[in-house]
Amino acid sequence: MYDFFFGSSQDIANDPQSWLLSIKRMLPRWPNGIPDSEFLALFDLLNQYDYESTCTSNKRPVLIETGSGASTIVLLYFACKWNTCLYTWDIASTKLAFLRGVLNDTLFRQFRDLNMFNYWKYIAYDSTNQYAGIPILKETNDTVCAAFYDSEHTWQVLGSEIAATMPFLCNGAILAIDDANYAYKESNTAYINMLRTKLDLPAVTVSNNECRPFWEEVESLLSQKFPRVKNLGGGTYRQNYKDDIFWSYYSSDRNNMNKLGMEKLENLAYRFEAWKVFLN
């Protein structure tokens with residue numbers, strides 16, 4: 001399905017950003033949930049990252065993500081480039097299987113000498129589970145140099161995922177979140193009401209379900225744990241999101257999502273947020 005010619009290996013090596021974006025734009029809508037500007041902002045943050053400085057003699061810095069999709073493409077690219085591993089948690093096993101085919105036909109044509117299963121560990125289970133979630137990193141003896149969160153979109157889950165990651169973060173680690181402008185405490189009522197609409201049921205309002213926008217909650221949580229937290233200002237996202245063709249290409253879908261509260265079109269500037277944390 002993805003067996004296309006994206007240029008020579010040298011062409012790709014010369015301009016990996018365009019190559020990765022081409023792969024993303026060929027995805028069907030359901031695994032292509034983040035805008036191009038967010039995808040590229042994630043690439044830019046990692047491309048400027050000094051991975052070697054995080055390595056130690058006894059621990060390997062890895063990348064992690066909760067949720068999967070277009071972000072998996074860029075994160076796994078850097079896992080291959082840095083000779084490390086990406087851990088992905090997503091309960092949607094069929095999406096993980098679909099992405100495995102895409103990545104095999106694209107990334108691993110470029111990295112043809114690498115075994116995908118050594119560089120990508122995907123877990124179709126709860127990201128916060130003690131025995132199969134993020135806490136397993138204490139058993140693998142890994143640290144985390146970069147993390148991207150895009151799962152259930154409630155502070156209850158997101159806060160738990162970040163709290164589970166914090167013991168493993170290395171000095172200067174990057175954390176980034178999608179839909180940072182959401183403010184649902186325990187129930188993602190936007191998603192719930194989308195499902196209820198499909199079932200011809202009326203929308204519901206859940207009481208005591210608001211928190212601060214996720215980006216504020218995350219920064220507060222990180223600041224309680226680390227002596228220094230640097231807000232990266234959304235990387236390049238805020239510079240480019242207004243001109244992103246993603247919005248117009250999927251305008252019918254996005255406008256209807258906005259009506260249900262799933263897309264915060266009035267506050268897109270804070271959809272993507274990122275931080276660096278320092279241990280001293």
Side-chain angles (χ1 to χ4, degrees), residues 30-31 33-34 42 46 51 54-56 58-80 82-104 107-108 114-170 173-179 182 184-188 191-192 195 214 217-218 221-222 225-226 275 277:
W30 59 280
I34 62 174
L42 191 57
L46 297 175
Y51 176 77
T54 67
C55 297
T56 63
N58 61 340
K59 286 185 181 290
R60 174 185 63 166
V62 300
L63 303 93
I64 70 168
E65 66 172 342
T66 61
S68 65
S71 59
T72 309
I73 298 169
V74 68
L75 292 167
L76 186 53
Y77 166 78
F78 282 99
C80 292
W82 295 339
N83 193 31
T84 185
C85 182
L86 166 66
Y87 286 86
T88 299
W89 281 272
D90 194 333
I91 60 173
S93 58
T94 53
K95 186 193 284 189
L96 293 170
F98 171 79
L99 288 169
R100 186 175 65 230
V102 171
L103 295 164
N104 187 62
L107 255 66
F108 287 90
L114 304 183
N115 184 326
M116 180 193 299
F117 299 102
N118 292 333
Y119 289 83
W120 187 33
K121 308 294 185 184
Y122 48 89
I123 304 101
Y125 201 65
D126 173 13
S127 58
T128 61
N129 182 268
Q130 179 180 353
Y131 305 107
I134 296 168
I136 65 169
L137 295 177
K138 67 177 177 290
E139 300 177 60
T140 62
N141 200 35
D142 291 322
T143 58
V144 175
C145 63
F148 181 66
Y149 303 93
D150 185 16
S151 59
E152 192 179 323
H153 295 77
T154 65
W155 178 240
Q156 182 181 51
V157 172
L158 176 59
S160 297
E161 290 175 340
I162 292 175
T165 308
M166 289 196 295
F168 307 107
L169 292 173
C170 60
I174 293 174
L175 297 90
I177 61 172
D178 177 51
D179 288 322
Y182 272 33
Y184 300 118
K185 186 186 295 183
E186 296 178 350
S187 297
N188 183 347
Y191 191 78
I192 289 169
L195 296 174
F214 289 166
E217 294 284 3
V218 170
L221 179 61
L222 294 175
K225 174 69 175 180
F226 298 97
W275 300 264
V277 298

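Looking at every heavy atom in both residues, Leu63 comes nearest to Cys145 through CG-SG, 4.3 Å. Leu221 and Gly159 make their closest contact through CD2-O, 3.9 Å (heavy atoms, listed as atom of the first residue, atom of the second, distance). Of all heavy-atom pairs between Ile91 and Asp126, the closest is CG2-N, 4.2 Å. The two atoms that bring Asp90 and Ala92 nearest to each other are OD1-N, 2.9 Å, heavy atoms only. Nearest heavy atoms, Thr84 versus Tyr119: O-CD2, 3.0 Å. Here the closest heavy-atom approach between residue Val62 and residue Cys85 is recorded as CB-O, 3.3 Å.
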Run Thr72 and Trp120 through side-chain contact (heavy atoms from CB on, under 4.5 Å) and show every step you take. CA-CA 9 Å; Thr72 309; Trp120 187 33; 3.7 Å; yes
Would you check, one step at a time, whether the test side chain to side chain donor-acceptor pair (under 3.5 Å) holds for Glu65 with Thr88? CA-CA 5 Å; Glu65 66 172 342; Thr88 299; 2.8 Å; yes
Test side-chain contact (heavy atoms from CB on, under 4.5 Å) on Leu114 and Phe108; report intermediate values, then the result. CA-CA 7 Å; Leu114 304 183; Phe108 287 90; 4.1 Å; yes
Check the pair Tyr149, Thr165 against side chain to side chain donor-acceptor pair (under 3.5 Å), reporting the backbone distance first and the verdict last. CA-CA 11 Å; Tyr149 303 93; Thr165 308; 2.9 Å; yes
Apply the test side-chain contact (heavy atoms from CB on, under 4.5 Å) to residues Leu175 and Val218: give CA-CA distance (whole Å), side-chain angles for both, the deciding distance (0.1 Å), then the verdict. CA-CA 10 Å; Leu175 297 90; Val218 170; 5.8 Å; no
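The aromatic rings of Phe98 and Trp30 sit tilted relative to each other, their planes meeting at an angle between 30° and 60°. Taking the six-membered ring where tryptophan is involved, the planes of Phe78 and Trp82 are tilted, since the angle between them lies from 30° to 60°.
Looking only at distances, no side-chain donor or acceptor of Tyr182 sits under 3.5 Å from a matching main-chain atom of Asn188. For the pair Lys95 (side chain) and Pro31 (backbone), a donor-acceptor distance under 3.5 Å is absent. At distances below 3.5 Å, at least one donor-acceptor pair connects side-chain atoms of Trp89 with backbone N or O atoms of Ala132.
With a 4.5 Å cut-off on side-chain heavy atoms, Asp179 and Tyr184 do not count as touching. Contact of the Thr154 side chain with the Glu186 side chain is not registered, since no non-hydrogen atoms from C-beta on lie closer than 4.5 Å. When side chains are defined from C-beta on, Phe214 does not count as touching Asp178, because their heavy atoms never get closer than 4.5 Å. Within the 4.5 Å cutoff, the side chain of Glu161 has heavy atoms near those of the Ser151 side chain. Looking at heavy atoms from C-beta onward, Leu169 lies in side-chain contact with Phe226 at the 4.5 angstrom threshold. A heavy-atom distance below 4.5 Å is not found between the side chains of Val74 and Phe148. Contact annotation: the side chain of Leu46 approaches that of Leu75 to within less than 4.5 Å [non-hydrogen atoms, C-beta and beyond]. For the pair Leu86 and Tyr122, the minimum side-chain heavy-atom distance is 4.5 Å or more.
With Lys59 as the partner, the side chain to side chain donor-acceptor pair (under 3.5 Å) test is satisfied by one option alone out of Asn141, Thr143, Thr54, Thr140: Asn141. If you run side-chain contact (heavy atoms from CB on, under 4.5 Å) between Thr66 and each of Val157, Ile134, Ile162, only Ile134 comes through.
The number of heavy atoms from other shown groups lying within 6.0 Å of NZ (Lys225) does not exceed 12. By the neighbour-count criterion of 12 heavy atoms within 6.0 Å, atom CG of Leu137 is densely surrounded, having more than that number from other residues, nucleotides or ligands.
In this structure, OH on Tyr51 lies 8.5 Å from SG on Cys170, to the nearest 0.5 angstrom. Rounding to the nearest 0.5 Å places CG of Asp142 at 4.5 Å from OH of Tyr87. One finds the CD1 atom of Ile73 at 10.5 Å from the OG atom of Ser68 (value rounded to the nearest 0.5 Å). Here Cys80 contributes atom SG and Leu107 contributes atom CG; the two are 5.5 Å apart, rounded to the nearest 0.5 Å.
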